[in-house]
Amino acid sequence: MRIQILGPLRIWRGDVELDAGPWQQRCVLALMLARGGSPVSMAELIDLLWADNPPASAVNVIHKYVGALRRLLEPELTARAQGSWLIRHGNGYRLVAGPDHLDLAAFRRQVDMARRSLREHRPDDALDHYIQGLRLWQGPPGDGLAESTAASVVRPALEDELFEAAMEAAELAMRRNQPARVLPVLRRAVGLGPLNEPIHALLMRTLAAAGQQAEALSVFQAVRDRLTDELGIDPGSSLREAYRQVLNQSAAAAENRPKAELPRTGRGVNPERIEPVGSAFLTPLVRPAQLPPELPNFFGRKAELSTLTGLFENRCRGERTSPLIVAMDGMGGVGKSTLALHFASRIAERMEDGHLYLYLRGNETEALPVGDALRSLLHALGVPAQRIPDTFDSLVGMYRSLTARKNLLILLDSARDVSQVRPLLPNSAESVVLVTSRTPLVGLAAFEGAHLLHVDVPDMPEAHALLERRLPPLPPELRDELIDEVITACGRLPLALAIVAARISARPHLSPAAVAAELRDDEGLLGAFPGGHGVSDPRTAFAWSYQRLSIGAARLFRLSSLALGPDVSVAAYASLAGLDPRKTRELLRELSEVALFQEHGAGRFSSHVLVKAYARELCAKIDTEQDRDEATSRLLQHYQQLQRTGRPEIAPDPDPAAARGGRRPSGAARVLQRGDGMVRRRT
């Protein structure tokens with residue numbers, strides 16, 4: 001169990017995010033979390049929710065919320081059991097959550113350890129602890145409670161803890177001559193206190209100590225304007241003193257800077273005439289060559305490669321004013337990155353100014369921040385670390401200046417969304433940008449002119465050749481039939497085929513027949529693709545998409561494993577989930593956006609055989625038997641109604657790989673196909 005309050009209020013059990021309940025229940029939870037184990041009285045809770053106008057049932061309502069929170073935190077609790085998290089204390093309650101479960105407790109532990117290290121004369125350890133604790137802050141505490149009484153109660157005290165720890169960390173960092181280390185957390189603190197003068201003054205001093213006097217002065221200008229516009233006052237003494245210190249330091253640095261410190265271009269250009277960008281000077285580009293090694297046994301993808309080659313060869317026709325951008329999308333494990341890297345390797349030598357590669361971590365819990373991505377690209381282009389600016393706008397400006405009129409190839413792998421990609425686009429019509437993502441980057445096509453390329457599973461001949469090229473030699477009498485069965489069971493997913501081939505190659509005694517037998521087991525289908533030890537398995541690939549779903553979409557995804565047929569209508573999914581069609585369509589589109597579902601014509605949706613197996617695992621693990629039975633009953637009633645009206649919805653499936661995805665666990669109600677009609681039975 002993980003609970004977050006230093007930012008949006010969120011609760012996680014393993015990799016599954018839980019619904020913290022209605023707004024008032026979330027307020028109760030937030031207040032008890034902010035107290036850090038101290039008791040909260042019933043009177044405080046009533047005042048929190050209703051102020052001066054509580055209803056007669058206020059105490060009963062709070063008891064109901066407390067009971068719901070107990071069941072949420074400890075679902076195994078029996079009725080009326082108190083549990084070990086939310087404990088009765090007098091006429092109130094207290095919530096006990098340690099550093100391993102609550103980010104606030106972890107933050108406080110890191111700050112305590114930092115202060116203890118200082119007392120023990122270990123300043124470097126202290127600075128490490130401060131920074132680790134401050135990084136836990138993801139936004140305003142309890143974000144999502146809006147401008148409520150709960151927010152006004154929870155935030156001020158917690159933000160004061162942040163400001164105090166940030167100021168202690170910054171002072172220590174400057175004493176240790178490491179000011180740059182605390183700049184990210186200081187900026188985050190400034191964002192939470194836009195009118196907090198001491199924290200702005202400290203940010204200015206720290207920036208100046210890190211050699212970023214220009215940004216320090218811009219911080220002063222911004223907070224001065226904000227104070228004038230919102231409060232009608234001038235900056236106080238702390239800000240004015242910090243401003244004077246920065247000005248004096250800037251003047252001294254300009255007077256004492258030796259000429260040798262200026263960058264040399266190596267091209268006969270006077271360095272003093274180079275135009276400054278932000279706080280750094282433009283440095284000459286090196287020729288980066290960052291593409292990872294290509295897979296030696298790449299095969300197929302003729303249609304996609306033909307499309308990519310055509311776009312590349314035609315990029316110089318007409319009057320282009322922006323780079324050629326191709327955004328490839330598709331489900332996890334389908335081979336987007338492999339295809340992009342293969343094509344990039346084919347054209348790399350024709351890009352005179354080099355090629356850049358960046359893994360954006362879009363499918364992981366925390367995507368690569370855009371600022372960090374820009375710093376990596378600038379470093380690859382030859383900008384020394386001390387010349388890379390700190391402000392986001394300066395980073396973007398320097399990157400665009402360095403890529404202007406350059407013939408660069410840039411591969412941005414695993415993007416989360418358009419906002420992560422847009423600042424990384426070069427300022428050059430001669431450059432080529434390849435982007436891979438789970439979701440179609442429609443905004444990139446609409447506003448940056450990107451070409452969208454959907455990557456699907458290969459056809460049967462390509463999948464057959466892909467698997468054969470990876471396998472050791474097999475007896476002819478075993479090869480074709482068993483390989484076809486393995487391919488069908490894997491749904492032609494390249495990641496799954498690669499893992500199966502690797503298992504057989506690593507363990508020669510493990511025959512394809514044994515692997516095929518494992519793949520016939522619906523209950524443990526994904527167990528045939530073991531991960532770990534640096535191997536990304538299908539279950540992990542799908543989990544990254546599942547974790548991005550809203551609670552409603554996650555529930556619909558799990559229940560979808562109970563449906564039959566190669567594809568299912570919106571109406572059938574609405575019956576399965578017990579929702580209206582409009583809401584169901586919204587959730588289905590959300591599932592399509594993370595590449596767990598595919599939408600077909602006439603409003604029908606399908607999922608890959610292995611995706612459906614993953615949904616089946618989650619449904620068995622998370623949803624109760626009653627939930628599954630009720631969903632199945634609603635779906636059967638839907639099909640019965642359609643049959644009475646003469647509109648059977650499930651059609652025979654021409655694709656055996658997709659049909660296999662419709663198998664159901666024993667004990668569930670089934671709708672079975674027979675010819676062009678349907679029969680119903682309970683098993």
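Keep in mind that the numbers below use all heavy atoms, side chains included, and drop hydrogens, waters and symmetry copies.
Taking CE of Met351 as the start and CG of Leu291 as the end, the distance is 10.5 Å to the nearest 0.5 Å. For the atom pair CG (Leu102) and CD1 (Ile11), the distance works out to 10.5 Å, reported to the nearest 0.5 Å. For the atom pair Leu452 CG and Ile325 CD1, the distance stands at 10.5 Å (nearest 0.5 Å). Between atom CZ of residue Arg375 and atom CG of residue Leu395 there is a gap of 5.0 Å, rounded to the nearest 0.5 Å. For the atom pair Leu412 CG and Leu424 CG, the distance stands at 5.5 Å (nearest 0.5 Å). Annotation: the span from Phe312 atom CZ to Arg346 atom CZ amounts to 10.5 Å, rounded to 0.5 Å.
At least one side-chain heavy atom of Ile410 sits under 4.5 Å from a side-chain heavy atom of Pro426. Side-chain contact between Phe163 and Asp160: present, with at least one pair of heavy atoms (C-beta onward) separated by less than 4.5 Å. Side-chain contact between Val219 and Gln212 is absent, with no heavy atoms from C-beta onward closer than 4.5 Å. Contact check for Leu408 versus Ser428: no side-chain heavy atoms found under the 4.5 Å cut-off. Considering only heavy atoms from C-beta on, Leu409 stays 4.5 Å or farther from Arg350 through its side chain. Counting heavy atoms from C-beta outward, Glu161 and Arg108 have side chains that approach closer than 4.5 Å. Using a 4.5 Å heavy-atom threshold, the side chains of Glu304 and Phe343 count as separate.
Within 6.0 Å of the CZ atom in Arg226, the count of heavy atoms belonging to other residues, nucleotides or ligands exceeds 12. Remark: Asn177 CG is loosely packed, at most 12 non-hydrogen atoms of other residues, nucleotides or ligands lying under 6.0 Å away.
The salt bridge (Lys or Arg N to Asp or Glu O under 4.0 Å) test applied to Arg224 returns no partner, not counting sequence neighbours.
Residue pairs meeting the ring-ring contact (aromatic ring centres under 6.0 Å, His included) criterion with at least one partner in residues 188-228, sequence neighbours excluded, are Phe220-Tyr243. Listed by first then second residue, pairs satisfying ring-ring contact (aromatic ring centres under 6.0 Å, His included) with a partner in residues 113-133 number zero, not counting sequence neighbours.
A salt bridge is absent between Arg205 and Glu241; no separation between the charged side-chain nitrogens and carboxylate oxygens falls under 4.0 Å.
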Q: For Asp128 and Arg181, run salt bridge (Lys or Arg N to Asp or Glu O under 4.0 Å): C-alpha distance rounded to whole Å, both residues' side-chain angles, the deciding distance at 0.1 Å, then the answer.
A: CA-CA 9 Å; Asp128 290 341; Arg181 291 190 63 193; 2.8 Å; yes

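Asp393 and Thr391 share no donor-acceptor pair across their side chains, judged by distance under 3.5 Å alone.
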